[in-house]
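Note that the numbering runs from 1 along the sequence shown for the chain.
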Amino acid sequence: MTKPRSSVAALRPPPPLRRCRRAGGEMVKHNNVIPSGNCKKDWQSYVKTWLNQPARKQKRRIARQKKAVKIFPRPTSGPVRPIVQCQTLKYNMKARAGRGFTLEELKAAGIPKKLAPTIGISVDHRRKNKSLEGMQSNVARLKTYKAKLVIFPRRARKVKAGDSTPEELANAIQVQGDYMPITRGEKRSVEVVKVTDEMKAFKAYGKLRVERMNQRQLGARLKKVAEAEKEEKK
């Protein structure tokens with residue numbers, strides 16, 4: 001026979017219901033409908049307008065004009081910068097402007113590293129050249145810049161070695177906008193090849209495994225050959 005339920009267990013109150021919280025973290029009071037916050041935000045009070053855009057545009061244009069007059073005859077775009085490749089595997093095929101030319105590039109172009117910043121060439125002593133093609137392109141960029149460079153003397157009456165001639169100074173103009181912009185290379189064409197039976201029969205995965213094993217066993221095999229030659233000499 002089963003034992004009868006105790007009166008204490010029968011009179012035990014049910015567990016309290018979980019109350020929902022509002023978006024702000026405040027408890028819902030009383031037995032009301034859960035409020036919907038997406039219709040009570042008063043968004044018209046938080047709209048921000050930008051009516052000063054035309055004035056800001058004019059202000060920036062006037063600032064550029066003042067800067068061009070202040071730095072005359074130097075180019076308005078600043079010092080010339082090298083061409084480098086973007087980082088990571090995703091973007092390393094794209095070229096962009098770097099921080100500065102390396103010391104090796106300046107040396108190959110015949111420009112002293114202390115003179116370069118004074119004639120509008122940015123220098124980065126931390127960057128290292130890891131590509132011969134990239135270094136050659138930057139050296140050619142420096143030589144092109146050096147050929148077109150017009151150096152004004154510090155004092156008009158005192159001309160030093162390396163300064164441009166009076167005829168070049170008279171014809172010099174200030175370069176507006178980008179100077180020696182980075183041109184994107186031509187889009188690479190995809191070559192379509194017909195799949196042959198030899199290509200179908202080739203086991204790429206097996207070839208990789210065999211070459212990996214050969215690389216791992218290279219030291220042991222060389223050691224074995226050296227020991228065999230040593231025994232033959234005895």
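- Inter-residue side-chain proximity for R99 and R126 is flagged as met; some heavy-atom pair is nearer than 4.5 Å.
- Electrostatic pairing of R127 and E105 counts as a salt bridge here, judged by a charged N lying under 4.0 Å from a carboxylate O.
- Note on E211 versus K207: salt bridge recorded, some NZ/NE/NH1/NH2 to OD/OE distance being below 4.0 Å.
- Taking all atoms of both residues into account, the shortest heavy-atom contact from G120 to Y145 is O-OH, 3.4 Å.
- Looking at V123 and F101, their side chains never come closer than 4.5 Å, going by heavy atoms from C-beta outward.
- Taking CZ from R64 and CD1 from I62, the interatomic distance works out to 10.0 Å, rounded to the nearest 0.5 Å.
- Connection of M135 to I121 is not established within any shared hydrophobic cluster, with ILVMFWY side chains joined at heavy-atom distances below 4.5 Å, either directly or through further cluster members.
- Note: Q65 CD to R60 CZ = 13.5 Å, rounded to the nearest 0.5 Å.
- In this structure a side-chain-to-backbone donor-acceptor pair under 3.5 Å is missing from T102 to N129.
- Side-chain contact check for Q87 and N92: no donor-acceptor pair (N or O, by modelled atom type) lies under 3.5 Å.
- By the 4.5 Å heavy-atom criterion applied to side chains, R81 and Y179 are not counted as neighbours.
- Atom-to-atom distance recorded for M213:CE and L208:CG is 13.0 Å, nearest 0.5 angstrom.
- Within 6.0 Å of the CG atom in L222, the count of heavy atoms belonging to other residues, nucleotides or ligands exceeds 12.
- Of the inter-residue distances, the one linking D197 atom CG with K200 atom NZ reads 6.0 Å to the nearest 0.5 angstrom.
- Side-chain contact between R212 and R209 is present, with heavy atoms from C-beta onward closer than 4.5 Å.
- In the model, D178 has no side-chain atom that pairs as donor or acceptor with a side-chain atom of S77 under 3.5 Å.
- Remark: the backbone N or O of T76 is not paired with any side-chain donor or acceptor of Q174 at under 3.5 angstrom.
- Under the 4.5 Å side-chain heavy-atom criterion for ILVMFWY residues, no single connected hydrophobic cluster contains both F72 and I151.
- Formation of a donor-acceptor pair under 3.5 Å by the S122 side chain with backbone atoms of V80 is found in this model.
- Side-chain contact between K94 and Q85 is absent, with no heavy-atom pair separated by less than 4.5 Å.
- The CG atom of L106 lies 10.5 Å from the CG atom of D124; values are rounded to the nearest 0.5 Å.
- Contact of the N214 side chain with the R221 side chain is registered, since non-hydrogen atoms from C-beta on lie closer than 4.5 Å.
- L142 and V175 fall within a single hydrophobic cluster, where Ile, Leu, Val, Met, Phe, Trp and Tyr are joined by side-chain heavy atoms under 4.5 Å apart, directly or via other members.
- Proximity of V195 to V193: side-chain heavy atoms (C-beta onward) are nowhere separated by under 4.5 Å.
- Judged by distance alone, with hydrogens and angles left aside, the side-chain atoms of N138 form a donor-acceptor pair with the main-chain N or O of I83 at under 3.5 Å.
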Take T196 and M199 through the test side-chain contact (heavy atoms from CB on, under 4.5 Å) and record every step on the way to the result. CA-CA 5 Å; T196 61; M199 294 180 181; 3.3 Å; yes
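- Judged by distance alone, with hydrogens and angles left aside, the side-chain atoms of R74 form no donor-acceptor pair with the main-chain N or O of I119 at under 3.5 Å.
- Considering CD of Q58 and CD of Q53, their distance stands at 14.0 Å, rounded to 0.5 Å.
- Within the 4.5 Å cutoff, the side chain of V84 has heavy atoms near those of the R96 side chain.
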